[in-house]
Participant: 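Before I ask anything, let me first share the structure, which is written out below as structure tokens.
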Number of protein chains: 2
Amino acid sequence: MTYSIAQAAERSGLSIDTLRYYERIGLVDPPARDAGGRRNYSDEDLQWLEFLTKLRTTGMPIRMMREYAQLRHRGVGSAGRRKQILVEHRASVLERIAELQGCLEVLNYKITNYEQIESKMDTLLTHYPEGATA
Amino acid sequence: MTYSIAQAAERSGLSIDTLRYYERIGLVDPPARDAGGRRNYSDEDLQWLEFLTKLRTTGMPIRMMREYAQLRHRGVGSAGRRKQILVEHRASVLERIAELQGCLEVLNYKITNYEQIESKMDTLLTHYPEGATA
DNA sequence: GTAGAAGCTGGAGTGCGCTCCAGGTCAACC
DNA sequence: GGTTGACCTGGAGCGCACTCCAGCTTCTAC
């Protein structure tokens with residue numbers, strides 16, 4: 001099964017321009033071409049794109065994705081380094097999640113404060129409704 | 001207690017340039033100045049900076065932080081809108097955490113694969129050590 | 001009273017990750 | 001065989017969030 005660039009874009013969630021851009025910078029291998037010179041993405045290409053988008057979503061910088069992409073060409077001998085990249089990246093994702101959860105507590109605290117303000121205002125309005133326009 | 005811009009930078013974790021930049025774009029109120037025209041940050045200024053960095057860490061775009069910052073000047077009447085911003089932002093942070101956790105599973109799966117490759121290679125090397133150079 | 005550190009301003013530059021564009025080719029349908 | 005639409009290329013442009021710079025002032029310490 002092969003896919004046009006438009007189909008690959010739709011399935012990967014990347015734009016057509018981004019697909020060509022990723023190819024230019026060496027993040028994806030140049031896909032096959034049809035007789036007219038148009039890109040034909042394979043299922044493997046799409047799988048790689050899917051994985052790339054996970055790395056991107058988790059904030060891996062493009063230069064690191066590129067290093068990983070290029071290591072794949074070296075076969076099994078680069079598996080150690082590739083694993084190392086993923087392990088380090090996983091650690092950074094875990095850190096990031098923890099950081100977000102920390103901030104979440106602050107948000108919750110602030111929101112609770114606003115809710116208290118609201119309930120105080122409600123009380124005021126209930127008891128002194130004419131004060132509402134002051 | 002007041003703080004020079006260098007002290008404010010150190011305590012907030014932002015750079016001196018970023019503090020001036022935030023002031024320029026209306027994210028922070030212009031702090032007091034000393035007789036020589038230098039900025040004197042107050043404790044409240046620092047608290048606001050601390051909160052801003054939480055918003056930034058959680059990926060709130062500057063234009064939204066600015067909206068929030070400007071609403072503060074309108075007093076209690078803007079509390080509803082401010083709460084709304086925070087509630088919506090909290091939702092987006094929760095989504096983001098979920099997204100990261102989803103990607104984490106893929107990372108774990110890949111890393112497990114690499115570990116299996118490693119253990120297979122170990123087995124090969126143990127049984128056919130001369131094959132290591134092939 | 002002078003050297004050096006810290007701060008000031010307005011504005012230009014940077015890095016990232018795309019995104020858009022002009023001008024052209026190619027294939028399919030009427 | 002002409003039109004339409006998808007795709008091609010190289011290169012320019014963009015939005016974000018800073019970051020850096022030149023040239024100047026001000027405070028502190030000697």
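Lettering of chains follows the sequences in order, A, B, ..., and the numbering in each one begins at 1.
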Participant: Just checking B:Arg20: base, sugar-phosphate only, or nothing, at a heavy-atom cut-off of under 4.0 Å?
Facilitator: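 Base contact.
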
Participant: Look at the side chain of A:Arg38 and decide which nucleotide, out of C:dC26, C:dC18, C:dG7, has an atom nearest to it.
Facilitator: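 Minimum distance to the A:Arg38 side chain belongs to C:dC26.
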
Participant: Would you kindly give the OH-to-P distance between B:Tyr21 and C:dC8, to the nearest whole Å?
Facilitator: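 Interatomic distance, OH of B:Tyr21 to P of C:dC8: 18 Å.
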
Participant: Measure the distance from OH on A:Tyr22 to C1' on C:dC16 and round it to the nearest whole Å.
Facilitator: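 The answer, rounded to whole Å, is 11 Å.
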
Participant: When you measure from the side chain of B:Pro61, which nucleotide among D:dA17, D:dC7, D:dC18 comes out closest?
Facilitator: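 Ranking D:dA17, D:dC7, D:dC18 by closest atom to the B:Pro61 side chain puts D:dA17 first.
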
Participant: If we check side chain to side chain contact (heavy atoms under 4.5 Å, CB included) with B:Gln70, which of these qualifies: B:Glu67, B:Arg72, B:Arg66, B:Arg74?
Facilitator: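 In the set B:Glu67, B:Arg72, B:Arg66, B:Arg74, the residue that makes a side chain to side chain contact (heavy atoms under 4.5 Å, CB included) with B:Gln70 is B:Arg66.
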
Participant: With no hydrogens and no angle check, is any side-chain donor or acceptor of B:Ser78 less than 3.5 Å from a backbone partner on B:Arg81?
Facilitator: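 No; zero donor-acceptor contacts below 3.5 Å.
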
Participant: A:Glu23 has an atom CD; how far is it from atom C1' of D:dG10, in whole Å?
Facilitator: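 Taking atom C1' of D:dG10 as the reference, CD of A:Glu23 is at 14 Å.
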
Participant: If you look at every strand shown and take non-hydrogen atoms under 4.0 Å, does A:Arg24 touch a base, only sugar-phosphate, or nothing?
Facilitator: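 Result for A:Arg24 = base.
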
Participant: Look at the side-chain N and O atoms of B:Arg33 and state whether any lies under 4.0 Å from the OP1 or OP2 oxygen of D:dT26.
Facilitator: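 So the side-chain polar atoms of B:Arg33 never come under 4.0 Å of the phosphate oxygens OP1 or OP2 of D:dT26.
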
Participant: From the set D:dC20, C:dG7, D:dC18, return the single nucleotide nearest to any side-chain atom of B:Ser4.
Facilitator: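 Shortest atom-to-atom distance from the side chain points to C:dG7.
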
Participant: For a quick test of reading the model: is some side-chain N or O of B:Arg39 closer than 4.0 Å to OP1 or OP2 of C:dT9?
Facilitator: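 Result: yes.
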
Participant: Rounded to whole angstroms, how far apart are CG on A:Leu27 and C1' on C:dC16?
Facilitator: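 Between C1' of C:dC16 and CG of A:Leu27: 13 Å.
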
Participant: For B:Leu19 and D:dC20, what is the distance between atoms CG and P respectively, to the nearest whole Å?
Facilitator: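 Atom-to-atom, B:Leu19 to D:dC20, this comes out as 14 Å.
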
Participant: OP1, OP2 of C:dC18 versus side-chain N and O of A:Ser15: anything below 4.0 Å?
Facilitator: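 Result: no.
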
Participant: Take A:Ala35 and B:Asn40, find for each the nucleotide of DNA chain C with the closest heavy atom, and name the residue whose nucleotide sits nearer the 5' end.
Facilitator: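 By nearest-heavy-atom nucleotide position, the 5'-most residue is B:Asn40.
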
Participant: Counting side-chain heavy atoms from C-beta on, which of C:dT9, D:dC16, D:dT19 comes nearest to B:Arg63?
Facilitator: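 It is D:dC16.
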
Participant: Grab the CE-C1' distance between A:Met65 and C:dC18 for me, whole Å please.
Facilitator: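 In whole Å, C:dC18 C1' lies 11 Å from A:Met65 CE.
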
Participant: To the nearest angstrom, how far is B:Ile62 atom CD1 from D:dT19 atom P?
Facilitator: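 Checked: the CD1 to P distance equals 11 Å.
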
Participant: Determine the minimum heavy-atom distance between A:Arg90 and B:Leu107, stating which atoms define it.
Facilitator: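 Answer, listing the atom of A:Arg90 first, then B:Leu107: CA-CD1, 3.9 Å.
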
Participant: Run the salt-bridge test on B:Glu50 and B:Arg11 with the 4.0 Å N-O cut-off and return the result as yes or no.
Facilitator: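 No, this pair does not count.
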
Participant: Hydrogens and angles aside, do B:Asp45 and B:Ser42 bring a side-chain donor and acceptor to less than 3.5 Å of each other?
Facilitator: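 Indeed, the side chains of B:Asp45 and B:Ser42 share at least one donor-acceptor pair under 3.5 Å.
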
Participant: Using atom CG of A:Asp34 as one end and atom C1' of C:dA28 as the other, report the distance to the nearest whole Å.
Facilitator: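 Roughly 13 Å, once rounded to whole Å.
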
